[in-house]
Structures are given as C-alpha cells and as structure tokens.
**Student:** 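Encoded as structure tokens, here's the structure I'll be asking about.
Worth knowing before you read on, the calculation uses all heavy atoms, side chains too, and leaves out hydrogens, waters and symmetry mates. What you see is a predicted model, and the numbers here were worked out from it, not measured in a lab. Counting starts at 1 for both ligands and their atoms, in listed order.
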Amino acid sequence: MNSTKRILTIQDISCVGQCSLTVALPIISAAGIETAVLPTAVLSTHTGGFEGFTFCDLTEEMPKIENHWKKEHIFFDGAYTGYIGSIRQIDYILSIFSSVVKKDGIIVVDPCMADHGKLYPGFSSDFPKEMLRLCQRADILVPNMTEMCLLLEKEYKEQFTKEEIEQMVISLADKTDTSIVLTGVSFSANQLGCCIYHRENKTIQYYFTEKIPYSFHGTGDCFASSFFAGIMKNLSLEEAVRLACEFTYQALSATIEDRKEHWYGVHFEKALYLLNSIK
Ligand code: PXL
C-alpha cells in the first residue's frame, strides 16, 4: 500500500471568500493527502470586491514555526505556495523549503499576485521581481497570463497569439528552470485552458475545456490546489492538468446558477468527488 503523503501549503486565510487556504485544505485533503498549512496572513475576506477588509500579517510567525518543525524533525513530501503576505516572507519561505521539504519533494509555486492585467490590492510594483526568486526554487509554476507578464516584465494584453504565448512560456522556463502550467489560455470564443511546458523534454502541449462565460474569485486557487493534489498522487503533468481543468470546470458549472448571491467564490465542494477517486 502507498503510504499517505504529507504536504505543506503556504498561503493566506481569507476567513470569508472561498479562496487560498479555505479552498486548498479541503481540496488536497479530499485527494487523501495529509495537508499541513502555514498561513501567511489572516484577512476578514479576500481583497477582490469586499470593502474595508482586515489584514493581519503573520510574517513574524514564520521563522518561529520553522524552528519548531525543525526541532520536531517534521518533513514534507511536497509544498505548494499561493498568496504571500509580505516581501520578507519570500526569504522565510525559501528557508522553509530548504529545511523541511524533503530533498526529492516537489515544489509548486502559484505566483498569486495579479489578474486581468492588474496586481491585487496591497502588492507594490517591486513584488513581481521578488516573486520571481521564489519561482526559481520551484519545480512547477502555475501562473495566469497577467502573472506571467509581470514575471517577465512584459506588457499585458487581452489577447496574445499562440506564438507570443509559447515564446513567453519558454522564456519564463529559461529564467526559472521549471515546468510551467499557464492558465487562462484561449484561442477561441468557446474554449479555455492551459499551455503546458515540460522542463524535461522542452515540449509544449495544450489542454482546453468549454469556456464558462463568467469569472469568479478563487478559480485559480481551485485549479492550483487540484493540480497539486494530482501531482502528489503521482499523476503526470498532463494528467494533473486534465484533472484540474475538469475539477475547475465542474466547480464553476455548479456556481453559475448562484452567481448573484455567490459572486465572491466558487462552489468547489460540489466537485470534490472527482478528487476522492484519484488512484
Ligand atoms: O485567489 C487569490 C487570492 C488569495 N488571497 C487573497 C486574495 C486573492 C485574490 O484576490 O485577495 C487575500
């Protein structure tokens, strides 16, 4: 029997809003993986559409938590990072990767900082170059289009050609020595998906599902969490992307009817059954 894997996910707790840890913890756990958390900050809600949210920065806790884990000889089979609370956390997270993630552990970084051409509220313009340092320590990156542009210091556009996307993905892979799953790729009105770059053989692939014509906060977190769960269950990069696309598609489909009331997040609970059945 395969032993249960234990992973670490590092991102904020948005108490209300269905994103980051409140999404990652149930999704990865549903795949049968023990999920430890390191919260980067506690917010009353996410920052996308609520007014006057609170923000408690947990930067100072990080080295204390790391030291305790080191003393207890706690190690993780993989790590996945999302929304980070301050620039100083980048160095703390790099140290945590070195001290408590096993040598052959897989590190997935979602350079969660922007969408629709704009940095999220609260991130300064020097954040992307710091995020690039974290990306350089990862095995796999899961950026959206805006984040990829920021990491490459390229101007964001609504629409890129296939050639432009492939050039950018290759240039980000060269800068970071990672495999890349670029989300939000679309070349037609009714399809949305990913461009996948494989570090091992330098090949590019695409995977698309039907496009749902609404956008919800936390969609990227649903995608990245289910993708990471697939990778930790030993799926190939392509299989994990397929799982994450199907999971996200089902979760979004379950949200459409309720989109007025539930504008702030995705009803991912309705799609968790897809994760229970990964072999
Ligand atoms: O879903 C990404 C995310 C995570 N955490 C916080 C956010 C957002 C996106 O807006 O505001 C606090």
**Student:** Can you pull out every salt bridge (Lys or Arg N to Asp or Glu O under 4.0 Å) where at least one residue sits in residues 207-225? Sequence neighbours excluded, please.
**Tutor:**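 Qualifying pairs, neighbours excluded: none.
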**Student:** Would you say the ring centers of Trp69 and Phe75 fall short of 6.0 Å from each other?
**Tutor:**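 Distance test on ring centres: not under 6.0 Å, no.
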**Student:** Is there a path of hydrophobic side-chain contacts, each under 4.5 Å between heavy atoms of I, L, V, M, F, W or Y residues, that connects Phe247 with Tyr207?
**Tutor:**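 Each belongs to a different hydrophobic cluster.
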**Student:** Is any NZ, NE, NH1 or NH2 atom of the basic residue among Lys64 and Glu61 found under 4.0 Å from an Asp or Glu carboxylate oxygen of the other?
**Tutor:**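 Salt bridge flag = yes for Glu61 with Lys64.
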**Student:** Would you mind writing out the side-chain donor-acceptor pairs for residues 24-39 within the sub-3.5 Å range, not counting sequence neighbours?
**Tutor:**
unit_1	atom_1	unit_2	atom_2	d
Ser29	OG	Leu25	O	2.6
Thr35	OG1	Ile33	O	3.0

**Student:** Give every pair made of an N or O atom of ligand 1 and a protein N or O atom lying under 3.5 Å apart, one pair per line with both atom names and the distance to 0.1 Å, or write 'none'.
**Tutor:**
unit_1	atom_1	unit_2	atom_2	d
ligand 1	1 (O)	Asp221	OD2	2.7
ligand 1	5 (N)	Asp12	OD1	2.8
ligand 1	11 (O)	Thr47	N	2.8
ligand 1	11 (O)	Thr47	OG1	2.6

**Student:** What residues form a salt bridge (Lys or Arg N to Asp or Glu O under 4.0 Å) with Lys157, not counting sequence neighbours?
**Tutor:**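 Per chain and number, Lys157 pairs via salt bridge (Lys or Arg N to Asp or Glu O under 4.0 Å) with Glu164.
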